[in-house]
Amino acid sequence: GIRLYYAKNSEISKNDIHRSAKTAIGTSAYGIYMYYNIGSKIVGNRIHDMAATGVTSTSTFYGIYAYNYNNTAATPILIANNAIYNMGNYKGLQYISYLYGPSMMVYNNSIDISANQGASTSTIYGMYVGYNNGSEFKNNIINITGGNTGIKYGIYLSPTPYTANL
């Protein structure tokens with residue numbers, strides 16, 4: 001995956017992120033990991049096939065992890081036009097997109113968890129949203145018709161107070 005820490009006005013765009021040849025998974029996996037950025041963008045990426053066919057993992061999976069507290073309305077984080085699909089056989093917690101922090105603009109993303117992942121009872125979050133004051137989430141498509149036998153949330157709003165526009 002891609003990791004970006006403490007950056008300003010950076011852009012992660014048009015990447016094809018996969019681990020289709022990965023035959024063993026020992027720790028948590030991330031497609032894109034963005035931490036404490038200001039005014040950065042995640043645009044037009046494809047995150048898919050995060051393990052080789054037949055590989056099973058009990059680790060936690062994050063498709064897009066965006067944890068940013070320093071944004072303002074003048075310097076928002078943009079997450080747009082990304083596709084996350086065909087994750088593989090993850091049996092741990094799955095945060096297909098984990099979005100935490102103010103001033104995030106999240107538009108036109110597609111999340112598809114339609115493949116069966118087996119008998120795990122772990123939770124799947126299409127979008128986990130927390131502390132998103134001043135954020136907007138518009139025109140996102142979330143399909144969780146497959147996965148495992150655990151609890152599935154299309155959009156999960158953490159109990160942290162926020163005023164996001166969903």
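Below, all heavy atoms of this structure are taken into account, side chains as well, without hydrogens, waters or symmetry copies.
The 12-atom threshold is not exceeded at NZ of K41, counting heavy atoms of other residues, nucleotides or ligands nearer than 6.0 Å.
At a threshold of 4.5 Å between non-hydrogen side-chain atoms, the residues N148 and S122 count as touching. When side chains are defined from C-beta on, M34 does not count as touching Y5, because their heavy atoms never get closer than 4.5 Å. Side-chain contact between V129 and F137 is present, with heavy atoms from C-beta onward closer than 4.5 Å. Put simply, the side chain of S97 reaches to within 4.5 Å of the side chain of I111, judged on heavy atoms. With a 4.5 Å cut-off on side-chain heavy atoms, I113 and T145 do not count as touching. Under the 4.5 Å side-chain criterion, counting only non-hydrogen atoms from C-beta, N140 is in contact with M127.
Outside the 6.0 Å centre-distance limit, the rings of Y128 and Y153 are not counted as a close aromatic pair.
A donor-acceptor pair shorter than 3.5 Å cannot be found between the side chains of N86 and H18. Side-chain contact, Y125 with Q94: no donor N or O sits under 3.5 Å from an acceptor N or O.
Closest heavy-atom contact between M87 and I47: CE-O, 3.5 Å. Between N68 and N37 the shortest heavy-atom distance is OD1-N, 2.7 Å. Considering every non-hydrogen atom in both S135 and G101, the closest pair reads OG-O, 3.8 Å. Closest non-hydrogen pair, A73 versus S103, comes out as N-OG, 3.4 Å. When every heavy atom of I79 is checked against every heavy atom of N109, the shortest pair comes out as O-ND2, 3.1 Å.
Atom CE of M104 is separated from atom CG of N133 by 11.0 Å, given to the nearest 0.5 angstrom. Atom CD1 of I141 is separated from atom CG of D112 by 10.0 Å, given to the nearest 0.5 angstrom. Here CZ of R19 is found 5.0 Å from CE of M50. Values are rounded to the nearest 0.5 Å. A distance of 6.5 Å separates CD1 of I96 from CD1 of I124, quoted to the nearest 0.5 Å. Separating the CG atom in N45 from the CD1 atom in I17 is a distance of 5.0 Å, to the nearest 0.5 Å. A distance of 5.0 Å separates CG of L93 from OG1 of T60, quoted to the nearest 0.5 Å.
V106 and I144 fall within the same hydrophobic cluster, where Ile, Leu, Val, Met, Phe, Trp and Tyr residues are linked whenever their side-chain heavy atoms come under 4.5 Å apart, directly or through other members. Under the 4.5 Å side-chain heavy-atom criterion for grouping Ile, Leu, Val, Met, Phe, Trp and Tyr, L4 is not connected to V43 through any hydrophobic cluster. Cluster annotation: I38 and I32 are assigned to distinct hydrophobic clusters (Ile/Leu/Val/Met/Phe/Trp/Tyr, side-chain heavy-atom contacts under 4.5 Å, transitive). With hydrophobic clusters built from ILVMFWY side chains whose heavy atoms lie under 4.5 angstrom apart, M105 does not share a cluster with I84. Using a 4.5 Å cut-off between side-chain heavy atoms of Ile, Leu, Val, Met, Phe, Trp and Tyr, with links allowed through other members, Y98 and Y36 fall into the same hydrophobic cluster.
Taking the six-membered ring for Trp and thresholds of 30 and 60 degrees, Y65 and Y33 have nearly parallel ring planes, at less than 30 degrees apart. A parallel orientation is assigned to the rings of Y67 and Y35, their planes being inclined by less than 30° (bins at 30° and 60°).
Here the rule is ring pair (Phe, Tyr, Trp, His ring centres under 6.0 Å) with Y95, and of Y156, Y62, Y100 only Y62 fits it.
Geometrically, R3 engages Y30 in a cation-pi contact defined by less than 6.0 Å to the ring centre and at most 45° from the axis.
Remark: the backbone N or O of Y107 is not paired with any side-chain donor or acceptor of N139 at under 3.5 angstrom. Remark: the backbone N or O of Y69 is not paired with any side-chain donor or acceptor of N71 at under 3.5 angstrom. Between the side chain of S40 and the backbone N or O of S10, at least one donor-acceptor pair lies under 3.5 Å.
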